There are 2 protein chains.
Amino acid sequence: MRDLLDPRRMLVFAEVARSGSLAAAAQALGWTQPAVAQHVKRLERDTGCTLVIRNSRGVTLTEAGQSLATHADAITARLRAARADLSALTDLRAGQVRLAAFPSACATFVPAAIALLQERAPGLDVRLTEAEPGEARRLLAAGDADLAVTFDYDNVPDTPAEPARTPLFDDPMLLVLPSGHPLADRTDTDLADAADQRWIAGCPRCRTHLTTAAASQGFLPDIRHSTDDYVVTQTLVSTGLGIALLPTLALEAARDPQVTTIGLRRHAPRRVSLTSPADIPPSPATAAAASALIDVTGPRRTAKSKAEV
Amino acid sequence: MRDLLDPRRMLVFAEVARSGSLAAAAQALGWTQPAVAQHVKRLERDTGCTLVIRNSRGVTLTEAGQSLATHADAITARLRAARADLSALTDLRAGQVRLAAFPSACATFVPAAIALLQERAPGLDVRLTEAEPGEARRLLAAGDADLAVTFDYDNVPDTPAEPARTPLFDDPMLLVLPSGHPLADRTDTDLADAADQRWIAGCPRCRTHLTTAAASQGFLPDIRHSTDDYVVTQTLVSTGLGIALLPTLALEAARDPQVTTIGLRRHAPRRVSLTSPADIPPSPATAAAASALIDVTGPRRTAKSKAEV
DNA sequence: CCCGTGACCCAAGCACAGCTTGGGTCTGCT
DNA sequence: AGCAGACCCAAGCTGTGCTTGGGTCACGGG
């Protein structure tokens, strides 16, 4: 950079080349003539070349001057292009958003949100990665995602270094039973009423919601089978191998006609949120994506969570 | 220009992008960290975009920052290219010289000079235009030629607004006679001895040399035919239609074996010069061309004109 | 575990770059 | 001949932009 020509002088010189005289260039720049003359003189000193031939009608460029003016014009064009590109980013005519979302969100409202976003800002490059909340948070922290749709349970505290989180809506947990199960004719129940059942749960890492909820009701669930897949879960339930807890969203994504679901009294719902990296101001594209997700999930918001938002 | 981003800040930003941190960029630039930080901050204010995410390990570019850095790198490259192009011009690896020269010069030493120049500086773009001195001076004044090879006669004063002229050599005038002419057995003669001859001369505009020289000797030449072409002149002479004055250079370019030439006593030679536009410092390429022409015509220089140079 | 290192930020000060002012000269046109 | 419109030079002043000297926050090693 030290050995580079001063680019501001180049711009001044480009104006001189365009105007054909120092005085005209000065007027175009809103300066006085000596100001421009000083720039040109300095440029000639720096380059060691005579750049202009001064005559009584203004100046004419030497070959060196013409060469320099060409480069100067290219720089001007670049500066314009830089501004234009930044405008495109802020106006959402360009830009990228990398979304991460958990499976049942990906299977339900997220595609609608992306469609809405593409409609609002067709120039955006939107990319979705399916990821469970833990993985999604890793992606955000590593800078491999801009925005994540995550969930958490009230009773399971999150990591201490919590990224910025905006609640989207509450996703109530439902008890999933085979049709014809003794509990299946109730409209809702306490979790404790299912204490003696056999359970289908998620992998050891993902079953904490069930085990902590059960522990608070004073029992240890008898977990016989484990899967993180909500389709598999329902198949196992419908086959009579056990009962399960599933969030409403999962059942909305895929519903086995052979199972019955009933509500749970005094049972905390799964909370679905928007998570973004901590302390990073969202880009216009990311903000637009967040808006689209909030708008699409608006109907799901309960009065309580609406007040929070 | 007013609405353009400050290109110097762009260069600073390019360095930040390259270094990955403000402090490292500052070190690379030989500055302190706040200096760089101020530039980046100002750039963010000017663009209205967040360009970098500050974290404890340095900074990472946002999408807008990456876009800007790309343009900044392009500008850096342009500045380098500008310098390189100017160096090429001063080092004679590039550049253009437009030469103008009168016909007999074009037919004799000028091609050799161009060849010498091309050998010394193969990158130069050398262009030759054949032009009589008057036309050549017009080309110089109009900026359509950089250097001219011209001639003039001592007794014919030039235009008052005389461009810069470097004498090259003296080109003696010879009397051209048909073989077997009464004067043909002399080695030299006075012009007055040919006062009663029939003459071949140039066009009315070009015959002034003959008429003024004759007038100073007290006679008016009997001009029967006129041509500016030295080949035609010799053909007319050899056919016996008249005698003529021709410069040595013209006879060197093309010599009709049927004519005899004899020297003239006390007759001013034609002076061949290098002419360049007044008050314009010659470009490196033009200076090199002038050198080549001077070097090539060195052997022609008489002791007197050598002293002048 | 705590401290050191190395990022970052902020505010204030100071120097010089760079623009203006106010002279002057030289063409070229009216 | 005089004026207009180029250019140049020198001196002065303003404001940009770099430095100095503070402080905070994370991460990593003794």
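Residue numbering restarts at 1 for every chain, and letters A, B, ... go by the order of the sequence lines. Everything numeric here is computed off the predicted structure, so don't read it as measured data.
Between the side chain of A/Q38 and the base of C/dT20, at least one donor-acceptor pair of N or O atoms lies under 3.5 Å. For D/dT19, the base has no donor-acceptor partner in the side chain of B/Q33 [N/O atoms by modelled type, under 3.5 angstrom].
C/dG18 atom P lies 17 Å from atom CG of A/L22, rounded to whole Å. Distance, B/Q27 CD to C/dT5 P: 16 Å, rounded to whole Å. Across the protein-nucleic acid pair, B/E15 atom CD and D/dC18 atom P stand 14 Å apart, rounded to whole Å. Taking atom CD1 of residue A/I53 and atom C1' of nucleotide D/dA6, one finds them 15 Å apart after rounding to whole Å. Atom CG of A/N55 is separated from atom P of D/dG5 by 16 Å (rounded to the nearest Å). If you take CZ of B/R8 and P of C/dA17, they are 11 Å apart, rounded to a whole angstrom. For the pair B/L29 CG and D/dT19 C1', the computed distance is 15 Å after rounding to whole Å.
Contact check, A/R54 against D/dA6: no side-chain N or O comes under 4.0 Å of OP1 or OP2. An OP1 or OP2 oxygen of D/dT16 is reached within less than 4.0 angstrom by no side-chain nitrogen or oxygen of B/H39. In this structure, B/R57 does not reach the C/dC8 phosphate: none of its side-chain N or O atoms is under 4.0 Å from OP1 or OP2.
Distances from the side chain of B/K41 to the nucleotides C/dG22, D/dT19, C/dC10 place C/dC10 closest. Checked against D/dT20, D/dG17, C/dC8, the side chain of B/P34 finds its nearest nucleotide in D/dT20. Of all nucleotides listed (D/dG17, D/dC7, C/dG18), D/dG17 comes nearest to the side chain of B/R42.
Salt bridge A/D91/A/R93: present, at least one basic N to carboxylate O contact under 4.0 Å. Using a cutoff of 4.0 Å between basic side-chain nitrogens and carboxylate oxygens, A/D6 and A/R42 are not scored as salt-bridged.
Neither side chain, A/T150 nor A/S273, offers a donor N or O lying under 3.5 Å from an acceptor on the other.
Looking only at distances, no side-chain donor or acceptor of A/T286 sits under 3.5 Å from a matching main-chain atom of A/P282.
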message: For a salt bridge (Lys or Arg N to Asp or Glu O under 4.0 Å) check, start with the C-alpha distance between B/R127 and B/D125, then their side-chain angles and the critical distance, and finish with the verdict.
response: CA-CA 7 Å; B/R127 298 176 179 225; B/D125 174 17; 3.0 Å; yes
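In terms of position on DNA chain C, the residue among A/S56 and A/W31 whose nearest nucleotide sits closer to the 5' end is A/W31.
At a threshold of 4.0 angstrom between heavy atoms, the contacts of A/T32 include nucleobase atoms, whether or not backbone atoms are also involved. A/A23 comes within contact range of the sugar-phosphate backbone alone, with a heavy-atom separation under 4.0 Å but no base atom that close.
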